[in-house]
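Heads up, the thing below is written out as structure tokens.
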Amino acid sequence: MRTTKTSLLPFYFLLCVLIGTALSRAQENGAPHLEKRGGTTQLIVDGKPFLMLSGELHNSSSSNLDYMKPIWPKLGATGLNTVVTPLSWELIEPAEGKYDFTLVDGLIDQARQAHQRIVFLWLASWKNGMSSYAPVWVKEDSRRFTRVVEHGSEVEILSPLCQATREADARAYAALMRHIKQVDGSQHTVLMMQVENEVGVLGDSRDRSEAANKAFASQVPDQLTAYLKAHRDDLYPDLREQWEANGAKSTGTWTEVFGEGERADEIFMAWQYAGYIQAVARSGKAEYDIPMYVNTWLPGENTPPGQYPSGGSQPRVVDVWKAAGPGLDFYSPDLYAANFEEWCQRYHRDGNPLYMPETRGGAAGAANVFYALGEDAGLGFSPFGIESEAGETDPLGDSYRAIAAVAPLLLEHQAAGDVHGFLLDRDRRSVDFTVNGYTAHVSLDSIFGNASESGFGLIMADGKDSFLGVGKGFRVSFTPLAESGQHVGIGAIDEGRFDDGNWVAGRRLNGDEDDQGQAWRFDSRTVHTEKISLYRFE
Ligand code: DGJ
């Protein structure tokens with residue numbers, strides 16, 4: 001063994017040099033990539049961190065350039081800088097091997113004219129579990145491109161166990177990425193790629209085709225059990241519990257290692273989808289290496305797999321996806337659930353950066369974006385069906401514009417770990433956190449008997465005893481962390497704005513606006529940007 005490893009050393013060395021060279025080449029060209037900065041991972045574009053203030057289009061809008069024309073100005077009016085844009089296999093490869101990139105070029109061109117960036121959604125083998133976006137030449141050849149079997153019948157879901165489909169999808173995706181590199185390799189309008197959409201088997205907890213049954217009765221691949229062993233302490237608790245409850249085995253069939261039942265089925269399907277999609281992603285990355293991720297249909301707490309796509313990158317099986325290889329850069333939630341903060345934390349863990357390609361927009365999105373970017377160091381935020389609400393009056397626009405103005409600072413403070421975001425309402429009226437040497441007590445604003453119903457915002461350090469805040473409907477008081485016996489008072493509060501990165505102070509806020517020096521207030525009329533400096537006295 002020792003001899004074999006030693007003899008492989010020059011190979012590893014060469015591989016590292018090649019990967020390193022490829023990476024630095026991509027970075028030299030400023031191609032979008034992820035980078036660890038401080039305690040977090042950020043998207044770097046043209047050498048600088050980039051915060052995606054995005055929105056996802058309805059599924060069919062970007063299939064037609066004329067349809068898109070009036071949409072772009074509305075997106076700009078809401079303050080978007082990035083548009084999550086569907087792109088389907090059926091339109092790119094209408095006949096096998098015959099590619100048509102007219103739509104890709106048109107969308108990139110329109111985005112550039114509208115000063116927008118793009119995240120493309122590769123809608124190919126699966127979308128919402130089903131396979132409606134595969135080209136007809138794939139759909140009609142169900143002997144070559146085999147399907148999932150449920151309850152004894154084939155359904156309109158391509159089987160992730162089918163090698164021919166995997167190769168066909170990967171070929172098309174590679175051709176697409178090659179083309180994007182040709183037309184965008186220097187301008188970087190396209191920031192990232194989502195590979196497929198909300199995958200998993202719908203209608204049953206697993207594929208019951210012959211190939212799937214055979215694989216299910218076979219040994220769990222060593223690659224997976226070795227990963228579980230090596231990452232035991234960091235595994236998502238549900239997966240660890242299930243593996244340990246069945247003896248934390250290193251070998252065995254899927255039921256021996258993970259037990260009987262639909263949770264084992266889900267793990268099996270996660271492995272199948274992950275292997276397939278990692279392969280598609282790898283073939284694309286070999287052509288143009290920009291960040292690639294998958295999104296996830298999130299279930300209700302006790303919903304059984306199959307009622308939501310079984311095998312998608314749920315937190316409880318995300319480690320299975322990671323074990324299948326490094327082809328994907330991160331995993332993301334389509335987050336419509338009410339317990340927004342909890343889901344953010346379920347995805348922002350173990351090195352996985354938070355990005356939600358789909359979430360609620362309007363007033364809910366206008367609040368939630370502060371939490372995602374401020375508290376969970378999000379790469380970006382993206383309400384679904386953005387063109388329905390976008391425009392001058394979309395409340396999301398007030399949040400996006402205010403965040404865009406502080407984006408360079410926010411990105412710095414995400415990396416430094418001294419920014420916090422929060423959401424307040426009647427059920428959660430206050431929150432405390434430590435930042436910049438103080439405990440900040442943030443509560444719903446209230447003055448002269450008028451209380452805010454909700455509040456949201458973010459606060460970051462702005463030098464010693466100073467803070468920058470953005471948001472509305474809350475007030476903040478500070479207590480020093482160190483026991484000094486001193487009291488803290490408000491030195492000054494200024495509202496203001498950033499002009500080309502420079503702070504331009506507006507009104508000095510005092511009197512009713514800071515409750516006679518008792519609180520840093522952000523009233524609920526509009527989204528405010530304010531700075532505060534504190535002083536101490538005996
Ligand atoms: C989630 C899907 O990913 C989207 O494409 C769209 O179908 C929405 N659901 C509809 O709410």
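Counting starts at 1 for both ligands and their atoms, following the listed order. Note that the structure is a prediction, hence the values are computed from the model and not measured.
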Asn197 neighbourhood, listing ligand 1 atoms whose heavy-atom distance to it stays under 4.0 Å:
2 (C), 3 (O), 5 (O)
Check whether any N or O atom of Tyr336, backbone or side chain, sits under 3.5 Å from an N or O atom of ligand 1, and answer yes or no.
no
Is the shortest side-chain N to carboxylate O distance from Glu154 to Arg208 below 4.0 Å?
no
Could you tell me whether Glu287 and Arg282 make a salt bridge, using a distance below 4.0 angstrom between a side-chain N and a carboxylate O?
no
Result of checking Trp297, Tyr133, Tyr276 against Trp126 for ring-ring contact (aromatic ring centres under 6.0 Å, His included):
Tyr276
State the atoms of ligand 1, each with its element, that fall below the 4.0 Å cut-off from a heavy-atom position in Asp334.
3 (O)
Give the residue, atom name and distance (to 0.1 Å) of the protein heavy atom nearest atom 3 (O) of ligand 1.
Glu358 OE2, 2.5 Å
Validate the cation-pi geometry between Arg206 and Phe216: distance from NZ or CZ to the six-membered ring centre under 6.0 Å, angle to the ring axis within 45°.
yes
Do Arg349 and Glu342 sit within salt-bridge range, that is, some charged N less than 4.0 Å from a carboxylate O?
no
Atoms of ligand 1 close to Lys127 [distance to a heavy atom under 4.0 angstrom, numbered from 1]:
4 (C), 5 (O), 6 (C), 7 (O)
Considering only the protein, which heavy-atom contact is closest to atom 6 (C) of ligand 1, and what is its distance?
Phe384 CZ, 3.5 Å
Check each atom of ligand 1 against the heavy atoms of Glu198 and keep those under 4.0 Å away; list them by number with element.
1 (C), 2 (C), 3 (O)
